[in-house]
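A quick write-up on the structure given underneath.
Bear in mind that the values here come from a model prediction, so they are computed numbers and not experimental data.
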Amino acid sequence: MRFDLTFLTLFPDAFPGMLDVSIIGRAKEQGIWSCETIDLRAFGEGKHRQVDDTPAGGGAGMVIRPDIMAQAIDSVDLKDRPLIYMSPRGKTLDQQKVRELADGPGMVILCGRFEGLDQRVIDEYDIEEISIGDFILAGGEVAAQVMSEACIRLLPEVAGNEESLEQESFETGLLEHPHYTKPRNWKNRPTPEVLLSGDHKKIDKWRLDQSLALTKARRPDLYASFKLNAATNARPKDKS
């Protein structure tokens with residue numbers, strides 16, 4: 001089944017952008033996923049194809065009109081794909097959500113601009129809001145590409161090495177361990193001896209210890225969650 005992406009945007013030339021390079025671009029050429037853009041200006045009003053207006057109640061900036069966005073949405077064959085609005089108000093994207101989306105038929109992604117999108121169209125179409133972090137961008141196009149790439153690389157036959165995907169940061173609940181390659185000694189910084197030992201049991205333990213230490217130092221929230229899950233799974237099952 002192909003993964004179909006449709007982007008509703010004021011800047012269709014922004015796509016596919018970085019989604020057209022490396023393994024993601026090759027997957028597109030192979031037909032594993034598709035990219036379609038819908039130009040919001042095509043549904044704009046007047047000589048200048050206006051898509052926005054001043055915010056009700058006053059205030060700075062402009063707001064994308066609900067009738068304009070609704071026309072754009074209605075022009076798309078959703079094919080059971082979720083409608084997603086890239087928004088700093090949304091739930092922060094994580095690997096679990098990425099896997100959930102990657103298991104589906106694709107996404108229809110709304111790329112906001114200005115002060116945002118009229119709430120009424122969000123409510124009318126039950127649009128899911130997703131954020132890529134606690135910061136503000138000029139628009140949703142870059143955020144849409146970030147989320148799309150995270151999903152596409154999980155599709156079958158895209159990455160090429162399923163084991164590599166399973167060992168990445170967040171897949172196990174921990175940050176990934178450090179990596180080393182040749183030369184074995186660089187600027188008086190040697191590769192850890194255990195990695196050259198050939199003892200895979202010791203190597204696995206070293207990598208796990210490194211992941212635990214890194215996660216505890218850099219993401220104590222993830223570390224606490226991992227320890228809690230480990231403790232829960234270690235408890236004896238109730239046989240009653």
Side-chain angles (χ1 to χ4, degrees), residues 17-19 21-25 27 84-104 107 109 111-112 128-155 158-235:
M18 289 300 295
L19 299 176
V21 301
S22 189
I23 62 171
I24 307 298
I84 297 174
Y85 172 42
M86 307 309 301
S87 164
R89 304 187 319 178
K91 183 177 180 181
T92 303
L93 184 68
D94 59 19
Q95 194 65 12
Q96 181 179 347
K97 183 63 177 180
V98 168
R99 282 205 166 274
E100 176 189 321
L101 293 170
D103 284 340
M107 300 175 282
I109 306 175
C111 303
E128 181 178 5
E129 297 183 65
I130 293 181
S131 168
I132 63 166
D134 296 338
F135 51 87
I136 306 299
L137 298 170
E141 286 76 16
V142 170
Q145 291 190 29
V146 167
M147 182 173 67
S148 298
E149 178 172 317
C151 294
I152 293 167
R153 64 188 298 277
L154 295 182
L155 300 177
V158 174
N161 189 333
E162 297 297 325
E163 183 180 355
S164 176
L165 292 178
E166 292 171 359
Q167 295 176 353
E168 293 175 327
S169 292
F170 309 115
E171 289 293 348
T172 63
L174 296 171
L175 299 183
E176 194 171 9
H177 56 78
H179 293 279
Y180 297 86
T181 185
K182 295 178 180 178
R184 301 306 185 206
N185 193 306
W186 180 75
K187 294 192 175 182
N188 293 322
R189 296 177 181 270
T191 299
E193 285 296 327
V194 65
L195 298 180
L196 307 177
S197 68
D199 188 326
H200 293 289
K201 187 174 181 179
K202 288 183 178 179
I203 291 172
D204 288 344
K205 183 180 184 304
W206 179 88
R207 287 173 170 169
L208 176 59
D209 289 343
Q210 291 291 310
S211 288
L212 286 166
L214 275 171
T215 307
K216 185 176 182 180
R218 300 182 183 181
R219 290 292 303 273
D221 57 325
L222 288 179
Y223 181 79
S225 178
F226 178 84
K227 298 295 284 186
L228 178 62
N229 289 336
T232 300
N233 293 333
R235 291 172 186 164

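Using a cutoff of 4.0 Å between basic side-chain nitrogens and carboxylate oxygens, Asp103 and Arg99 are not scored as salt-bridged. Look at Asp199 and Lys201 and you find no salt bridge, because none of the NZ, NE, NH1 or NH2 atoms lies under 4.0 Å from a carboxylate O.
Counting all heavy atoms, side chain and backbone alike, Cys151 lies closest to Met107 at SG-CE, 4.0 Å. Considering all non-hydrogen atoms of both residues, Ile109 and Ala144 come closest at CG2-CB, 3.7 Å. Closest approach of Gln210 and His177 over heavy atoms only: CB-CB, 4.1 Å. Of all the heavy atoms in Leu154 and Ala102, the pair that sits closest is CB-CB, 4.1 Å.
One N or O on the side chain of Ser197 and one on the backbone of Val194 form a donor-acceptor pair closer than 3.5 Å. Side-chain atoms of Ser225 do not come within 3.5 Å of backbone N or O of Asp221 as any donor-acceptor pair.
Residue pairs satisfying the side chain to side chain donor-acceptor pair (under 3.5 Å) criterion with at least one member in residues 128-148, sequence neighbours excluded, are listed as follows: Thr9-Glu141, Ser87-Glu129, Arg89-Glu129, Lys97-Glu128, Arg113-Glu141.
Counting only heavy atoms from C-beta outward, the side chains of Thr191 and Asn185 never approach each other to under 4.5 Å. Arg219 is not listed as a side-chain neighbour of Tyr223, based on a closest heavy-atom distance of 4.5 Å or more. Phe226 places a side-chain heavy atom less than 4.5 Å from the side chain of Leu212. Between Leu195 and Pro192 there is a side-chain heavy-atom pair separated by less than 4.5 Å. Here the side chains of Tyr180 and Pro178 are in contact, with some heavy-atom distance below 4.5 Å. Annotation: side chain of Leu208 is in contact with side chain of Leu174 (closest heavy-atom distance under 4.5 Å). At least one side-chain heavy atom of Ile132 sits under 4.5 Å from a side-chain heavy atom of Leu137.
For the pairing with Met147, the side chain to side chain contact (heavy atoms under 4.5 Å, CB included) check across Ile152, Val142, Val98, Ile130 returns one residue only, Ile130.
For the atom pair NE2 (His200) and CZ (Arg207), the distance works out to 9.0 Å, reported to the nearest 0.5 Å. Here the OG1-CG distance, from Thr215 to Leu175, works out to 3.5 Å after rounding to the nearest 0.5 Å. For the atom pair CD (Glu193) and CZ (Arg184), the distance works out to 10.5 Å, reported to the nearest 0.5 Å.
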